[in-house]
Amino acid sequence: MKKIKKTKSIVFKMFIITFVSVMSLITVIFLVQSLFINKYYSTKKIDNIIKNINSFSKQYKKEKWSFDELARQINKFEGNNNATLTVNGLSYSDMQNEEYILTLQLTNSNYYDIYIPKEDLLKAFDGEMPTKYQKFYLEAVISGTEILTPIKINDYQLYDILAEEGYILLKGNATLINISNVMDNITIATATAATGSDIQVADGVNVIGFANTEDLTLQYNKKDDVYYLINEMPFINVKQVNFVKTIDMDNGKETSINATASLQPVGEVMSILSDYYIIFYILAIVISLVIAWIYSKSISNPLLKLTKVADKMAGMDFSVKSTHSSDDELGVLSNSLNILSTNLDEALTDVKEANKQLVIDMEKEKQQEKVRREFVANISHELKTPLGIIKGFAEGIKDGIKKEKTDYYLEVILDEIEKMNTLILDMLELSKFETGKIEDKEEFDIIKLINKAVTLLEIPIRDKQLKIDIKGDFTNVYGVKFQIDQVIMNLISNAVKYCTNNTTIIITGEIIDHTNYIYIYNEGNSLTKEELESIWLRFYKIDKSHNRQSGGTGLGLAIVKAILDGHGSDYGVINKQNGVEFYFNIKTSAF
């Protein structure tokens, strides 16, 4: 039988595959970091800040925060986004100080600063901080030294100062040029001169630092209604992003939100890391080698063991079992191989047993064929002899024998016909019993059948000067009465026939587990092994010459066998000291 070729290179193959896979993954990671992470980081941060600015704007417009709440929300935005945020030019640090400066320009082109506490400023502008270029109503006085003192802003009265000598009273609409915290530098914007005693300045613009929205669109990128611009800062190797968004408030005013964020210099970090790629690769190679070796060994070792088991199975050796046990596919394969080995072993055993049984059946078939041949020979012999006698005596009568011999010839013919009739009836009876057809069973007393058989055999018993000894326990049994009657008659007559003269036939009864056992012993010659095995066969006679003087058709014990098989009884014949014993059993009840 051809054996399975062992795959000794599986460890090396799995080692190479694992090593190449790990190194490929590490290489891809390094390439992605080198080529894409800088851009990805910048894009991701810009998108996040734009998203958060839009969220901040919606809340600002919807909830109409107070000045203090606005300061808290600005501080929260800056902490979450690592960026600075201003609303209408006011930052969180500006909103924390208590005094602010409003910068105006009058008709004489001089700039004036109005110092106003935070509390008054909020009251003057309805709780909100004013924005650059915002118009408002102003009443103020200018001293000879050109110091501007506000008296009233919008509807809020600051001071009750009357016009005195040396002061000029100003009234009218004013436009805010700049609002700054007293701690910050003042940025002065350009404005047109005022006329008369009214304070007049130029109209405002939409976004701080630009004259109109068109200029903003030309210089800035736009995404989700937010303008942004990335500025290079070469001296510190950092990129800065400026964000601008305008909001149209419900009161018709326009609010400007500005944010500034610096991008982490990922490129610089990656350039530094590139110097260490060689070290990383060497370390990765070492780790990959270890991982590949461990992985290949952990997978290949069970496979090699399973291969050895499979090789043994291919050699029809099912005694070797796989010892690998795990919850993965290899464990399932190991268990399947063991099950397959067991099943094949059982199947092979069954085949061997079947072959043995086939040999036995073939021997039985040969034996049965031999029995059939003997049966044909026996039946031919049994019928040939009486037919020959009948023919001879009939021809004698036909030829006109003497009158005194005619009656004798007819008696011989009738006797032979009776023997042939008995033979045929026994054959029909045996055939009926062998078909397994069982008549209706009943309960009856078996000792009565034994006594009946002894009475009917009284003449041959007396002729051979025999004694009958019946002992033991007998009871009512359950079966077909006339069939069991025939069994008892055949066994006792057989004992009488082969029993030595002047001896005793012993009939013993025994009851065990609702079963009545019957033993019939007679003294005589012991049976050979062949005779013990063949005695139940049809036409089998101890006298192989088939001497007609021995009497019988040779079917008596065959009939006994067929009847007891139909009743499911246990029966047999054994050699005893100085004789032979037949036995059988029968149930004492239907249950």
Side-chain angles (χ1 to χ4, degrees), residues 356-357 359-385 422-423 426-427 429-430 433-434 453 457 460-461 463-469 486-508 510 517-567 569-585:
K356 291 180 181 179
Q357 187 62 40
V359 172
I360 294 173
D361 293 341
M362 291 178 65
E363 291 295 329
K364 287 184 177 180
E365 183 65 25
K366 291 180 180 179
Q367 186 66 26
Q368 290 175 355
E369 181 63 25
K370 180 181 177 181
V371 171
R372 282 193 293 269
R373 287 197 300 268
E374 290 181 353
F375 171 78
V376 172
N378 290 333
I379 195 66
S380 299
H381 177 79
E382 294 292 337
L383 293 176
K384 179 180 179 181
T385 300
T422 301
L423 175 62
D426 285 347
M427 290 179 61
E429 192 75 9
L430 176 62
F433 293 148
E434 286 182 339
L457 295 170
I461 291 174
D463 292 342
K464 297 186 72 172
Q465 297 181 353
L466 302 176
K467 293 182 181 179
I468 305 296
D469 184 9
Q486 189 168 0
V487 168
I488 294 173
M489 186 66 183
N490 287 357
L491 290 178
I492 294 178
S493 64
N494 185 76
V496 171
K497 179 178 179 180
Y498 293 100
C499 183
T500 305
N501 293 342
N502 298 315
T503 59
T504 301
I505 295 175
I506 302 174
I507 303 174
T508 306
E510 184 181 21
Y517 287 82
I518 311 297
Y519 305 91
I520 302 174
Y521 168 80
N522 67 273
E523 292 187 19
N525 296 327
S526 298
L527 300 177
T528 65
K529 182 178 180 180
E530 179 185 357
E531 290 172 341
L532 290 172
E533 293 177 354
S534 305
I535 199 169
W536 305 102
L537 299 178
R538 291 174 293 185
F539 296 110
Y540 185 83
K541 294 183 179 181
I542 302 299
D543 180 10
K544 298 299 178 62
S545 65
H546 292 271
N547 187 355
R548 289 174 57 83
Q549 300 301 323
S550 62
T553 63
L555 297 177
L557 292 181
I559 292 174
V560 170
K561 178 180 182 300
I563 293 174
L564 293 178
D565 283 339
H567 281 74
S569 299
D570 183 23
Y571 60 91
V573 57
I574 56 176
N575 288 319
K576 289 283 188 175
Q577 185 176 2
N578 300 323
V580 175
E581 183 179 77
F582 284 82
Y583 67 90
F584 71 95
N585 64 19

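Not measured: the values here are computed from a predicted model.
To the nearest 0.5 angstrom, I520 atom CD1 is 9.0 Å from I505 atom CD1. With rounding to the nearest 0.5 angstrom, the CG atom of N490 is 11.0 Å from the NZ atom of K497. From E363, atom CD reaches atom CD of E365 across 11.0 Å, with rounding to the nearest 0.5 Å. Taking SG of C499 as the start and CG of N525 as the end, the distance is 11.0 Å to the nearest 0.5 Å. Atom OG1 of T500 sits about 7.5 Å away from atom CG of N522, to the nearest 0.5 Å. Rounded to the nearest 0.5 angstrom, N501 CG and Q465 CD are separated by 7.0 Å.
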With side chain to side chain contact (heavy atoms under 4.5 Å, CB included) as the criterion, how do L491 and F584 come out once you've worked through the C-alpha distance, each side chain's angles and the decisive distance to 0.1 Å? CA-CA 10 Å; L491 290 178; F584 71 95; 3.7 Å; yes
One pair to check against side chain to side chain contact (heavy atoms under 4.5 Å, CB included): Y519 and I506. What are the steps and the verdict? CA-CA 8 Å; Y519 305 91; I506 302 174; over 6 Å; no
Going through the checks in order, is the side chain to side chain contact (heavy atoms under 4.5 Å, CB included) test met by Q357 and I360? CA-CA 5 Å; Q357 187 62 40; I360 294 173; 4.3 Å; yes
Checking L466 against T503 for the side chain to side chain contact (heavy atoms under 4.5 Å, CB included) test, could you report, in this order, the C-alpha distance in whole Å, the side-chain angles of both residues, the deciding distance, and whether it holds? CA-CA 5 Å; L466 302 176; T503 59; 3.7 Å; yes
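In plain terms, the two heavy atoms of V580 and S526 that are nearest each other are CG2-CA, 4.2 Å. Closest heavy-atom contact between K464 and V496: NZ-O, 2.9 Å.
Judged by distance alone, with hydrogens and angles left aside, the side-chain atoms of K561 form no donor-acceptor pair with the main-chain N or O of I535 at under 3.5 Å. Looking only at distances, a side-chain donor or acceptor of N575 sits under 3.5 Å from a matching main-chain atom of L527. In this structure, the side chain of K576 does not engage the main chain of Y521 through any donor-acceptor pair within 3.5 Å.
Under a cut-off of 6.0 angstrom, the local environment of CG in D361 is crowded, with over 12 non-hydrogen atoms contributed by other residues, nucleotides or ligands.
Side-chain contact between T508 and Y583: absent, with no pair of heavy atoms (C-beta onward) separated by less than 4.5 Å.
Counting only N and O atoms by type, the side chains of Y517 and D570 include no donor and acceptor under 3.5 Å apart.
Note on ring orientation: taking the six-membered ring where Trp is involved, the planes of W536 and F582 are perpendicular (angle over 60°, cut-offs 30° and 60°).
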